[in-house]
Amino acid sequence: MMNEIPKSLSPSARVLMGPGPSPTAPSVYEALSKPTLGHLDPEFLVVMDEIRDMQRVVMGTQNELTMPMSGTGSAGMETCLVNLIQPGDKVLVGVNGVFGTRMAEVARRAGALVTEAKSEWGRAVDPLALREAAGGGEYKLLCVVHAETSTGVLQDVAPMRTLADELGAMLLLDCVTSVGGLRVSLDEWGVDAAYSGTQKCLGCPPGLSPISFSARAQEALSARTEAVQSWYLDLSMIANYWGSERSYHHTAPINMLYGLHEALRLVLEEGIDAREQRHRLHSRALVAGLEAMGIAPRVPVGERLPPLTAVSVPDGVEDAAVRSHLLEHHNLEIGGGLGPMKGNTWRIGLMGAGACRENVELCLRALHDAMTAQGSAPAREGVDAAGAVYAG
Ligand SMILES: *Cc1c(COP(=O)(O)O)cnc(C)c1O
């Protein structure tokens, strides 16, 4: 029984420097609180069209079937897989972290015959290893993670397209942590299906998943002989709401879409290349600062993902105690490791509005303080090393 009605919420304004959610830009918060329109209101239809146009630019595509799905990044993942896979289809997945593992699992649940090409966590997937795992033959789909947030690895897409061609496969790319932080060029790269999420580099709260399907993927969708197993994620119906028919499928999350509209606007106002440069600069400064403090990156320099830096927890330092200290004393959230990286890795996000000098310096100072509190004070100040990067 409830004795008293809970008070209205007043959550702390945390500095979010984990693997997501990332900080929400102030104008995105404002957009979220604007008056809710009906999902078929002519004014709202304009908002939808603007979102689709902006999303195409931010994802580097002219694909007709481009729009946000209602749900988080995983809903976008599931949308791509359940719409493209029919039971018995062969699917090859590059697995080098949590999200490749998840794609393989979702594909299996959709009835695919899944081949997982597993490679070391913290490294990019080697196209040669993928080809070997495929063992020849035709595949329906090759699935790869562009930005593996669980390990901080950025994957080169071009060799994946080459391999997909050899296998006769469509290429599916997880762009959850790249869209909005790095230039994503789906058309140029030859990606057939891709999904992202609002709460990483787009700087919007979790709740929507921008997706895009190429003409080839759309053909595969129309050529299906069985209905898509998920009613909610069935693109053949959802496309009729986002397209000219405007037929009701489910009530669009109106205010979340306002938030995405503003978040996409901010990306375009800043410019995609400028935004990528900003993410790269602050990540370089962060890494320099961490290295000065004796905290080593987990990923080789050529494979690092600027929006998410994975580092080894130094010997003698206790992961959980440091992260609690950061939250309690500095109002700062960073991420721990997952899978084989649990307990030995920190994941530090610089995403969207959070990719700024203030956050880099806060994180370096706070880590210094937390390690000192544990009796493992770093020999050097990270902020000085980061400052040297900013000074050029
Ligand atoms: C966060 C993330 C997802 C899943 O998104 P949710 O919003 O947590 O459902 C999928 N892939 C990658 C690479 C991610 O970083």
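Keep in mind that what you see is a predicted model, and the values were worked out from it rather than measured. Just so you know, residue 1 is the first one in the sequence shown, and it goes up from there. In listed order, ligands and their atoms are each counted from 1.
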Among protein heavy atoms, which lies nearest atom 4 (C) of ligand 1, and at what distance? Ser74 OG, 3.5 Å

Report, in ascending order of atom number, the atoms of ligand 1 lying under 4.0 Å from any heavy atom of Ala147. 13 (C)

Per-atom contacts of ligand 1 with Thr177, taking only distances under 4.0 Å to non-hydrogen atoms: 15 (O)

Identify, with sequence neighbours excluded, every residue that meets salt bridge (charged side-chain N to carboxylate O under 4.0 Å, His left out) alongside Asp315. none

List the steps and the verdict of side chain to side chain contact (heavy atoms under 4.5 Å, CB included) for Tyr390 and Val360. CA-CA 11 Å; Tyr390 291 122; Val360 169; 3.4 Å; yes

For Tyr195 and ligand 1, does the shortest N/O to N/O distance drop below 3.5 Å? no

protein heavy-atom neighbour closest to atom 7 (O) of ligand 1 works out as Gln199 NE2, 2.5 Å

Under 4.0 Å between a Lys/Arg side-chain N and an Asp/Glu carboxylate O for Glu30 and Lys34? no

Nearest to atom 10 (C) of ligand 1, what protein heavy atom do you find, and at what distance? Phe99 CD2, 3.2 Å

Give a yes or no on whether a salt bridge exists between Arg102 and Glu105, defined as a side-chain N under 4.0 angstrom from a carboxylate O. no

May I ask you to check whether Tyr232 and His250 place their ring centers less than 6.0 Å from one another? yes

Please confirm whether the ring centroid of His249 lies under 6.0 Å from the ring centroid of Trp231. yes

If you measure from each non-hydrogen atom of Pro206 to ligand 1, which part falls under 4.0 Å: side chain, backbone, both or neither? neither

Answer yes or no: is there an ion pair linking Glu303 with Arg298, defined by an N-O contact shorter than 4.0 Å? no

Below 4.0 angstrom from a heavy atom of Gly73, which ligand 1 atoms are there? Numbered from 1 as shown, please. 5 (O), 6 (P), 7 (O), 9 (O)

Considering residues at least two apart in sequence or located in another chain, which fulfil the side-chain hydrogen bond (donor to acceptor under 3.5 Å, both in side chains) criterion with Asp89? Lys140

Looking only at protein heavy atoms, which one is nearest to atom 14 (C) of ligand 1, and how far off is it? Lys200 NZ, 3.0 Å

Atoms of ligand 1, numbered as shown, that sit under 4.0 Å from any heavy atom of Asp174: 10 (C), 11 (N), 12 (C), 13 (C)

Suppose we measure from atom 15 (O) of ligand 1 to each protein heavy atom; which comes out shortest, and what is that distance? Thr149 OG1, 2.4 Å

